[in-house]
Amino acid sequence: MIKIKDLKKKFGKNEALKGVTLELGEGKVIAIMGPNGSGKTTLLKCILGLVKADSGDIYVNDCHINGECEYRKNVGYMPQYSCFPENLKVKEVMAMIKDIRGNHCVYDEELLSSLKISEMNDKQIGTLSGGMKQRVSCAAAFLFGGSIIILDEPTAGLDPVSSELVKNKIAAEKEKGKLVIITSHIVSEVESLADSIIYMLDGRIYFEGTKESMYTQTGEADLNKALAVLIERNRSNEKG
Ligand code: ADP
Ligand code: MG
């Protein structure tokens with residue numbers, strides 16, 4: 001569904017992506033993990049065409065995305081930090097997103113109702129707490145029923161009830177055959193949700209595969225420990 005070949009991106013002298021090659025298939029939840037600054041958000045933004053890579057190729061459903069924007073109709077996106085206009089009310093933001101996207105589809109309003117977005121309808125974005133903004137942003141990502149859903153740290157600022165609702169939604173969308181890509185620091189969440197894990201470090205893919213293959217490669221049977229082994233190996237490679 002998504003193929004990425006040797007993707008590179010520099011911000012000034014800072015190499016955020018140092019040659020990333022990946023294939024991501026449908027019917028899966030893929031978790032991108034890695035420390036802050038490892039390039040996760042930059043990679044997602046490249047897939048969305050929000051950041052232009054310096055070199056390399058991205059194909060979505062066999063179409064090169066270079067300069068294309070039609071494929072984005074099929075993609076739902078929740079950014080790590082949403083920046084809706086502060087002076088607009090929640091209902092105005094929702095209307096604006098529908099208008100801008102221009103998708104003439106049946107809206108998937110499940111999260112709108114379970115996350116109780118309508119209770120916030122008349123509040124201005126600027127008056128919402130971080131978690132409330134996250135809920136709006138998350139509901140918007142699923143609203144257009146795209147076959148690719150990209151969620152950048154979706155549950156980071158959510159209360160436990162909302163977080164469970166979102167996790168259940170992710171699992172349900174996967175069952176429908178969608179590709180869901182999430183970034184996350186929360187090991188338990190990744191362990192229960194993700195089929196495959198991509199571990200990024202310093203602009204490179206350090207590990208890519210199923211949880212099971214991570215366990216085999218590290219000799220550990222839980223994700224936290226397996227990740228710790230990977231990180232430690234990386235440190236000793238750097239020293240050596
Ligand atoms: P992550 O999401 O894994 O925390 P990011 O992709 O946000 O990492 O950032 C990767 C690197 O690229 C960091 O060093 C960050 O400072 C840099 N970076 C990201 N976006 C920009 C930008 N717009 N301008 C300058 N540097 C950026
Ligand atoms: Mg990020």
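Both backbone and side-chain heavy atoms feed into the values below; hydrogens, waters and symmetry mates do not. On a predicted model such as this, the values are computed, not experimentally measured, just so you know. Numbering of ligands and ligand atoms starts at 1, following listing order. Sequential numbering from 1 along the given sequence is applied to the chain's residues.
Each of F11, N14, A16, P35, N36, G37, S38, G39, K40, T41, T42 has a non-hydrogen atom positioned under 4.0 Å from some atom of ligand 1.
In summary, Q80 places an N/O/S atom under 2.8 Å from the Mg ion (ligand 2), meeting the contact criterion. Distances from the Mg ion (ligand 2) show that T42 has no N/O/S atom below 2.8 Å.
Not counting sequence neighbours, the partners of D195 by the salt bridge (charged side-chain N to carboxylate O under 4.0 Å, His left out) test are K174.
Here the shortest heavy-atom pairing between M120 and L115 reads CE-O, 4.5 Å. When all heavy atoms are compared, the tightest approach of L111 to A139 is CB-CA, 4.0 Å. Scanning both residues, P35 and K40, for their nearest heavy atoms gives O-NZ, 3.0 Å. Residues L165 and S114 approach most closely at CD1-O, 3.5 Å, considering heavy atoms.
Residues Y107 and V136 share a hydrophobic cluster, clusters being chains of Ile/Leu/Val/Met/Phe/Trp/Tyr side chains in contact below 4.5 Å.
Under a cutoff of 6.0 Å and an axis angle of 45°, K211 and Y215 do not form a cation-pi pair.
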